[in-house]
Amino acid sequence: MDDADFYDAMQRARSRGARGAAMVVDAGVGLLAAAAGIVAAAGTLAVLHPILLPLLLVSVLPAGWAAAHSARMQYQVIYMLSTSMRRQWILSDLMADRRPAAEIRAFGMRDFLLQQYDDVARVSENAHIGLAGRQALARITGEATSGIVGGLVYAALCVLLATGVVPLAIAGGAILAIRMGRSSLSELIRAANGVYDEGLYFSDYLDFCEEAERRRSQRRPDLLAPQFAGIELREVSFAYPGADRTALRNISLTIGKGEVIALVGENGSGKTTLAKIIAGLYEPDSGTILWDGTSLARLDPGAVRQKIAMIPQDHTPWPLTARQNIAAGADADDDAMISAAELAGIHRTIQELPEGYDTLLDPRFKAGHELSGGQWQRVAAARAFYRRAPLLLCDEPTSALDPRAEHAFFEAVRHSAHADPTDPQTVVLITHRLTSVLMADKIYVLSEGCLAESGTHTELLQAGGIYAALFKLQAEAYTP
Ligand SMILES: Nc1ncnc2c1ncn2[C@@H]1O[C@H](COP(=O)(O)OP(=O)(O)OP(=O)(O)O)[C@@H](O)[C@H]1O
Ligand SMILES: [Mg+2]
């Protein structure tokens, strides 16, 4: 999802690809029908006089070439315009969507966005106008040549008639057969073009499916022990596809079972990327990640993800009911759901909704209900708590929460982590609220993708590095 080329291919596949299969079949049936007509006409002509048959074929070929050439040019233009058409879609979706509406109005962005849309649309319009011109030229050339050759066929027939090679009755029959043959040949060419044209899109679609299949994480044997024991990263480096700088460089760290570790650092320092690497959502370019002592590369990704609960920085407000939002596709167990929602501080809010846990959380639909930003973040937390996974990754879990809710959240994490003393939960916490990282057993400080410092809060304060500077800055803001 981070690769622009993949997005372009996916757009082409979504817009025309799958539909192409039905079109290819339709055109294929037309092709067979036209072929039957030609066989009939060709048989008649061959019986009447053998020279008439090649003449008939020659008269239709130029038009056939023109149609195939025109389809090819159209495919090339659509291929070339993939990116700009995707941009056009994105812009039009944004302008017609509910979430950006307030910002568009508040910043008066309407005309600007329309202008952006027009600019992109103009590129596409110009390309299509150019294409139409080239297509018209190819068609005119093809049809005109076919017409001239058709005239020659009739002239040849006249010559044959005049020289007495064929009698009048046969010439009359030949004219009918030629007309029928020409119309069947045109139909055949049209259908063959359809197969070719739609076949281009369909084969593009098949290529995309193959590429998507190649990119799917491979199923591997599930070698994970039932009890999570810890994670070790050794010299892990990672760059996003197409990015010119590495997002993470030579990161080595260990996370023991039941530990609470905190990742801190400035914006863009690589915290979210590191959390996603730990969760196995990205594969590192170099280095190893060991889960319970086994390299992540040897483990089944699905089995690893089963052991992770995540509160992502950019959580999704799913247009589903509150229950479905929390269960996230898992079986809904009411008691577990209520306790997860209570831990996340969202149970009362959901209970007070018109349909309780069955209320649809999307105001774009009748009886749909909207939550506030902080309430959505609590739903995201409830989703993670409900999963009861041995590893909990929290990426800025309290960025939208009020102070009381934030305090309650960290209490909840502490409670959730130690709910079962024999099997404590491991927590990776990413936050800019440095007072909240005091609860961490170990703090890792990232800077420009590198691990700059690590230690406990006290050790890092004594070291007087980045962490100490950031902490002092925040502490001063709260000291009168
Ligand atoms: N999908 C992506 N594709 C390309 N580059 C990315 C992508 N996501 C992040 N980056 C880049 O990787 C670097 C690290 O980003 P990351 O999101 O890990 O930072 P972060 O420490 O979580 O920042 P923040 O505190 O703002 O959440 C940044 O320079 C960012 O521009
Ligand atoms: Mg982040």
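Remember, it's 1-based here, ligands and their atoms both numbered in the order they're listed.
In summary, the aromatic rings of F208 and Y205 are positioned with their centroids too far apart to meet the 6.0 Å limit. You'll find the ring centres of Y282 and Y240 inside the 6.0 Å limit.
With hydrogens left out, the protein atom closest to atom 29 (O) of ligand 1 is R245 NH1, 3.1 Å, a heavy atom. Of the protein's non-hydrogen atoms, G268 O, 3.7 Å is the one closest to atom 28 (C) of ligand 1. For atom 15 (O) of ligand 1, the closest heavy atom belonging to the protein is T273 OG1, 3.7 Å. The nearest protein atom to atom 10 (N) of ligand 1, hydrogens excluded, is given as Y240 CE1, 3.3 Å; this is a heavy-atom distance.
Among the backbone and side-chain atoms of Q313, an N, O or S atom lies under 2.8 Å from the Mg ion (ligand 2). Here T272 meets the criterion, with an N, O or S atom under 2.8 Å of the Mg ion (ligand 2).
V445 is not listed as a side-chain neighbour of L451, based on a closest heavy-atom distance of 4.5 Å or more. Residues R98 and P363 form a side-chain contact, since some pair of their non-hydrogen atoms from C-beta on lies under 4.5 Å apart.
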Run R234 and E232 through salt bridge (Lys or Arg N to Asp or Glu O under 4.0 Å) and show every step you take. CA-CA 6 Å; R234 288 187 193 154; E232 186 184 350; 3.1 Å; yes
Report the C-alpha separation of R364 and D362 in whole Å, then their side-chain angles, then the decisive distance to 0.1 Å, and conclude whether the salt bridge (Lys or Arg N to Asp or Glu O under 4.0 Å) test is met. CA-CA 5 Å; R364 289 173 298 179; D362 187 346; 2.8 Å; yes
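Remark: ligand 1 and Y282 share no N or O pair separated by less than 3.5 Å (distance only, no angle test). Among the atoms of G265, none of the N or O lies under 3.5 angstrom from an N or O of ligand 1. Remark: ligand 1 and A243 share no N or O pair separated by less than 3.5 Å (distance only, no angle test).
In this structure, K276 falls outside the shell of residues with a heavy atom less than 4.0 angstrom from ligand 1.
Under the 4.0 Å distance rule, the nearest protein heavy atom to atom 31 (O) of ligand 1 falls outside the cut-off.
With a 4.0 Å heavy-atom cut-off, ligand 1 is reached by the backbone of T272 and by its side chain too. Contact annotation: for E396 versus ligand 1, there are no heavy atoms closer than 4.0 Å.
Rounding to the nearest 0.5 Å places CD1 of I326 at 5.5 Å from CE of M337.
Side-chain atoms of Y386 come within 3.5 Å of backbone atoms of D333 as a donor-acceptor pair (strictly under, hydrogens ignored).
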